[in-house]
Amino acid sequence: AISADLYKLYVNPLLNILSGTGLGGHIGDIGCCAPTCADDVAIISNNPMELQMLIDIAANFSKSEGYTLQPTKSVVIPISTSTKSIEIDENYWNINKNPMPVVEHSTHIGIQKCQKNSAKLTAEENMKKARRSLYSLMGTGLHGKNGLDPGTAITILYTYVMPILTYGLEILLPSGRILDTIHQFHKKMIKQILSLAKNTADPAVYILSGSLPMEAELHLKALSLYGNITRADRSTIEWRLAERQLHLKTNQSNSWFIQIKKICLKYDILDCQDFLNNPLGKLQWKSLITKKIHTYWNDKIHKESERYSSLKYISGEYMAKRIHPILTTNTSNCRDIIKLPIRTRFATGNYILQTNRAKFNQNDVSAVCRVCGKEDETISHFLISCTPLETERMSLLKSLREQYIKVLELLNINMHDIDVDFIHVIINPYHLVNYCGTSLTSELCAFINIHIEPACRTLIYKLHLHRYKLLNLDQKRSRKNNLRS
């Protein structure tokens, strides 16, 4: 970071010379011929001769200062901005008497630039780099089964992988299929880390991980950048461009500032043009946009989750940037962490019981429990009624009922006054928070963390193991009988 700032001071005379010529690209009367970040300079012009003149100035400056320009990175990208086309002779542009290659795309400050698909190319490159970063972190335990606890894994993901995935996209603001592709990649990463099934409903991914959708992440970064522009000096090119575009361009324009205006309207933020004249401080602006974006997506994901019958146990419990409590652990013990995937399958409606097989299988499959053979194998039957699992269930279920009564006493509620399904308590005891006042929320959560949640987690895991053990024994017996016959 220090070397980049020092280089800006070093190269500033060149930038002053280039802008002082009056040549190169302009937006209105605002000259922007050489956008620069550290040692990455892009020279822009809609006139081939002017472009060559600016290249010569940059080359002469490098000779006088004693540094060499990178020949492989010194390329020309033609961009069509109108129906008119200018025919250019081959090897028209040169640098230090060497022809400059004309290419279809290249990289500038880490962003892929090309004729039409800059957003698509940049998104694809970012996903490749993010995937490599994800693989490199697997050694630390950043993977699903037998890995780190979900809270730590999500923190590592957002610290090391997400900055790579979203790099530069706040400038390009992808939409449509490109944004959908990034969405799918983002959700796939979270599902793998949390050991969620591939067909897990989208709201469940965000509810459990506390993650914002990719669209929200990009909007947050874009608005943060706009906040920096509003606080800049009024003589800067960025501030002047913002003022011009917001005054002159219509809502049909593809200008980045018009896209920012639309984003502000989406999140019910006051006209972004007002903030140019009355900018907020950095912390005030960050607090404002974070609150607006979180509120919008909290409401949206709550409403979406209520439409999924499979999410009835966790619907309406999304809170941005907060992992769901059923995935939190008090220790880093792998024995506790290994229980979580089974827990989340029940919470998201993805645990396969016989009723699920009978409902979705194309063949004629019985919904009757294969363990006891007495009644349909529903969630309530599996957790409460199945007699062969009673040995694993008895002590834990008794303890859970006692703790549940203590919770009702803590809330000063009669058991018959509220309609709470005990199955719901086993799968997600934290929904009991909805029945208490704000003053008791922290006390109730602490009680559930210590006394109820560990018991629920252990109960579900033990029943799962014993069920599969009995099913495997049944399969072995049937194979032996088939061999004898």
Side-chain angles (χ1 to χ4, degrees), residues 1-5 37-38 40 107-112 119-174 178-196 198 200 202 205-225 228 282 286 289-290 293-294 297 318-324 327-329 331-334 337-338 340-341 344:
I2 295 176
S3 61
D5 290 335
C37 180
D40 214 340
T107 304
H108 176 58
I109 58 172
I111 299 174
Q112 300 291 320
K120 181 180 179 181
L121 289 176
T122 303
E124 290 174 351
E125 190 66 25
N126 285 4
M127 285 188 283
K128 289 179 184 177
K129 294 177 181 177
R131 192 179 291 109
R132 292 181 196 134
S133 300
L134 201 59
Y135 289 153
S136 69
L137 290 167
M138 288 181 68
T140 65
L142 188 65
H143 48 81
K145 193 174 181 180
N146 296 330
L148 294 168
D149 65 278
T152 304
I154 292 295
T155 301
I156 292 176
L157 177 71
Y158 272 80
T159 302
Y160 297 104
V161 181
M162 285 299 291
I164 297 172
L165 179 60
T166 60
Y167 180 81
L169 296 180
E170 72 272 22
I171 303 295
L172 301 170
L173 291 176
I178 302 171
L179 183 60
D180 289 341
T181 303
I182 305 171
H183 266 304
Q184 295 299 328
F185 181 82
H186 179 229
K187 288 183 292 187
K188 184 179 178 181
M189 283 197 304
I190 297 174
K191 287 179 182 179
Q192 290 173 337
I193 289 173
L194 298 183
S195 299
L196 299 176
K198 291 182 180 180
T200 302
D202 289 351
V205 176
Y206 301 125
I207 290 171
L208 293 175
S209 67
S211 303
L212 285 168
M214 276 302 301
E215 183 181 1
E217 294 284 358
L218 298 182
H219 288 171
L220 196 57
K221 291 188 69 174
L223 289 175
S224 297
L225 176 58
N228 293 338
K282 182 177 181 179
K286 185 176 181 179
I289 61 176
T290 301
I293 290 176
H294 285 191
W297 287 101
Y318 173 70
M319 186 172 290
K321 299 301 179 182
R322 194 203 71 170
I323 193 168
H324 197 281
L327 288 179
T328 57
T329 56
T331 66
S332 57
N333 192 328
C334 63
I337 296 171
I338 203 172
L340 296 176
T344 55

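Quantities reported herein were computed from a predicted structural model and do not represent experimental measurements.
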*asked:* Within a 6.0 Å radius of atom NZ on K188, are there more than 12 heavy atoms belonging to other residues, nucleotides or ligands?
replied: no
*Around Y160, counting heavy atoms of other residues, nucleotides and ligands shown, do more than 12 lie under 6.0 Å from its OH?*
no
Would you say [X] and [Y] make side-chain contact, with heavy atoms under 4.5 Å?
| X | Y | value |
| --- | --- | --- |
| L194 | V205 | no |
| P174 | L218 | yes |
| P213 | H183 | yes |
| H294 | L212 | yes |

[X] and [Y]: which non-hydrogen atoms are nearest, and at how many Å?
| X | Y | value |
| --- | --- | --- |
| W297 | A216 | NE1-CB, 3.2 Å |
| A153 | I193 | CB-CG2, 3.4 Å |
| I207 | H324 | O-CB, 3.6 Å |
| C37 | I109 | CB-CG2, 3.2 Å |
| I178 | A123 | CG2-CB, 3.9 Å |

*Hey, is the main chain of A119 close enough, under 3.5 Å, to the side chain of T122 for a donor-acceptor pair?*
no
*Taking the side chain from K191 and the backbone from K198, do they hold a donor-acceptor pair closer than 3.5 Å?*
yes
*Check the pair T329 / L340 against side chain to side chain contact (heavy atoms under 4.5 Å, CB included), numbers first and verdict last.*
CA-CA 9 Å; T329 56; L340 296 176; 3.9 Å; yes
*Check step by step if side chain to side chain contact (heavy atoms under 4.5 Å, CB included) holds for E217 and L165.*
CA-CA 11 Å; E217 294 284 358; L165 179 60; over 6 Å; no
_Between M127 and Q184, does the side chain to side chain contact (heavy atoms under 4.5 Å, CB included) criterion hold? Intermediate values first, please._
CA-CA 11 Å; M127 285 188 283; Q184 295 299 328; over 6 Å; no
*Which is it for T107 and Q112 under the side chain to side chain contact (heavy atoms under 4.5 Å, CB included) test, yes or no, and what are the steps along the way?*
CA-CA 5 Å; T107 304; Q112 300 291 320; 2.9 Å; yes
Quick one: [atom1] on [X] to [atom2] on [Y], what's the gap to the nearest 0.5 Å?
| X | Y | atom1 | atom2 | result |
| --- | --- | --- | --- | --- |
| T200 | I190 | OG1 | CD1 | 11.5 Å |
| L142 | I154 | CG | CD1 | 8.5 Å |
| N126 | L121 | CG | CG | 11.0 Å |
| K282 | N228 | NZ | CG | 7.0 Å |
| E215 | L173 | CD | CG | 10.0 Å |
| L208 | Y318 | CG | OH | 11.5 Å |

*Do T166 and K221 have side-chain N/O donor and acceptor atoms under 3.5 Å apart?*
yes
